[in-house]
Amino acid sequence: VQLQASGGGLVQAGGSLRLSCAASVSGRKFSDYDLGWFRQAVGKEREFVAAIDWRGGSTYYADSVKGRSTISRDNRENMVYLQMDNLKNEDTAVYYCAARWIFGRDYGAVRLYDYWGQGTLVTVSS
């Protein structure tokens, strides 16, 4: 799986962004993969943001973004999205989309994702 994230940018605190991630899949179906969004701020470890199961029927969020973010996927278009609202300064980071074969648990575990996009920078200003 090859992943290409986009949609980052500079936004004022309280604003919104929609991140997109396009997947190129060979040999398997896009719906064979769980998908996640992670982020990494300067000087910090990569952390879980949100994940969605292979069907799009179950979603999972970090406490820090719960209620402000929505992850979704389109299995026909091989896309995954992260809508982020009411952005805060602490949301500033490089955001990565990631994929793994269907696993069914531990959606927030960075080490369990095998495929990663290149990242897109989100900068939230006061």
Side-chain angles (χ1 to χ4, degrees):
V1 179
Q2 292 184 323
L3 302 169
Q4 181 80 28
S6 62
L10 176 63
V11 62
Q12 287 191 328
S16 298
L17 275 179
R18 187 192 195 207
L19 305 184
S20 300
C21 181
S24 177
V25 182
S26 62
R28 299 183 72 94
K29 298 180 295 183
F30 183 65
S31 57
D32 287 335
Y33 297 89
D34 296 329
L35 301 168
W37 285 96
F38 296 78
R39 67 187 182 188
Q40 188 166 15
V42 174
K44 294 188 177 182
E45 294 187 351
R46 193 167 299 189
E47 65 175 8
F48 169 68
V49 176
I52 188 166
D53 74 347
W54 65 278
R55 295 178 303 170
S58 296
T59 56
Y60 307 84
Y61 298 94
D63 288 342
S64 58
V65 303
K66 197 173 295 182
R68 301 189 294 120
S69 297
T70 303
I71 187 171
S72 60
R73 66 188 292 167
D74 185 337
N75 284 348
R76 294 169 300 176
E77 299 294 332
N78 289 8
M79 296 289 296
V80 59
Y81 305 98
L82 182 68
Q83 174 70 38
M84 299 189 295
D85 301 313
N86 190 22
L87 283 161
K88 304 177 181 180
N89 293 107
E90 51 264 43
D91 294 319
T92 295
V94 176
Y95 283 71
Y96 299 89
C97 56
R100 67 180 191 184
W101 290 358
I102 295 171
F103 191 66
R105 58 183 174 90
D106 297 334
Y107 284 88
V110 173
R111 72 187 190 282
L112 295 180
Y113 286 79
D114 302 300
Y115 307 97
W116 293 84
Q118 86 290 358
T120 185
L121 177 62
V122 173
T123 303
V124 184
S125 64
S126 300

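Just so you know, residue 1 is the first one in the sequence shown, and it goes up from there.
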- Apply side chain to side chain contact (heavy atoms under 4.5 Å, CB included) to the pair Tyr96 and Val49, showing each step before the final yes or no. CA-CA 9 Å; Tyr96 299 89; Val49 176; over 6 Å; no

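- A distance of 10.5 Å separates OH in Tyr81 from CH2 in Trp37, rounded to the nearest 0.5 Å.
- Atom CD of Glu47 has more than 12 heavy atoms from other residues, nucleotides or ligands within 6.0 Å.
- Counting heavy-atom neighbours within 6.0 Å of Glu90 CD, excluding the residue itself, gives a total above 12.
- In the hydrophobic cluster analysis, where Ile, Leu, Val, Met, Phe, Trp and Tyr join through side-chain heavy atoms closer than 4.5 angstrom, Trp54 is grouped apart from Tyr61.
- Here the side chains of Tyr33 and Asn78 are not in contact, with every heavy-atom distance at 4.5 Å or above.
- Across Ala41 and Ala93, no two heavy atoms sit closer than the pair N-CB, 3.8 Å.
- Residues Gly36 and Tyr113 come closest through the heavy atom pair N-CE2, 3.8 Å.
- Although no hydrogens or angles enter the test, the distance criterion places no donor-acceptor pair under 3.5 Å between the side chain of Asn75 and the main chain of Ser31.
- Looking at Ser72 and Gln83, their side chains never come closer than 4.5 Å, going by heavy atoms from C-beta outward.
- The shortest heavy-atom contact between Ser69 and Met84 is OG-CG, 3.7 Å.
- Cluster annotation: Val11 is connected to Tyr95 through the hydrophobic network of ILVMFWY side chains, with a link wherever side-chain heavy atoms come within less than 4.5 Å.
- Atoms SG and CD, on Cys97 and Gln4 in that order, are 8.0 Å from each other to the nearest 0.5 Å.
- Contact between Ala23 and Val1 at its shortest, heavy atoms only, is CB-CG1, 4.3 Å.
- Val25 and Tyr115 fall within a single hydrophobic cluster, where Ile, Leu, Val, Met, Phe, Trp and Tyr are joined by side-chain heavy atoms under 4.5 Å apart, directly or via other members.
- In terms of heavy atoms, Leu3 sits closest to Gln118 at O-OE1, 3.8 Å.
- A salt bridge does not link Asp91 with Lys88: every distance from a Lys NZ or Arg NE/NH1/NH2 to an Asp or Glu carboxylate oxygen is 4.0 Å or more.
- The shortest heavy-atom contact between Phe38 and Gly108 is CE2-O, 3.8 Å.
- Judged by a 6.0 Å distance limit and a 45° cone about the ring axis, Arg73 is positioned over the six-membered ring of Phe30.
- A heavy-atom distance below 4.5 Å is found between the side chains of Val65 and Arg39.
- A cation-pi contact, defined as under 6.0 Å to the ring centre and within 45° of the axis, links Arg100 to Tyr107.
- Linking Ile, Leu, Val, Met, Phe, Trp and Tyr residues whenever their side-chain heavy atoms come within less than 4.5 Å places Leu17 and Val80 in a single cluster.
- Of the inter-residue distances, the one linking Ile102 atom CD1 with Lys29 atom NZ reads 8.0 Å to the nearest 0.5 angstrom.
- Looking only at distances, a side-chain donor or acceptor of Asn89 sits under 3.5 Å from a matching main-chain atom of Val124.
- No donor-acceptor pair closer than 3.5 Å links the side chain of Thr123 to the backbone N or O of Thr92.
- Between Leu82 atom CG and Thr70 atom OG1 the span is 8.0 Å, to the nearest 0.5 Å.
- A distance-only check finds no donor-acceptor pair linking the side chain of Asp106 to the backbone of Ala109 [under 3.5 Å].
- Counting heavy-atom neighbours within 6.0 Å of Arg28 CZ, excluding the residue itself, gives a total above 12.
- Checked against the 6.0 Å centroid threshold, Phe48 and Tyr60 do not count as a close aromatic pair.
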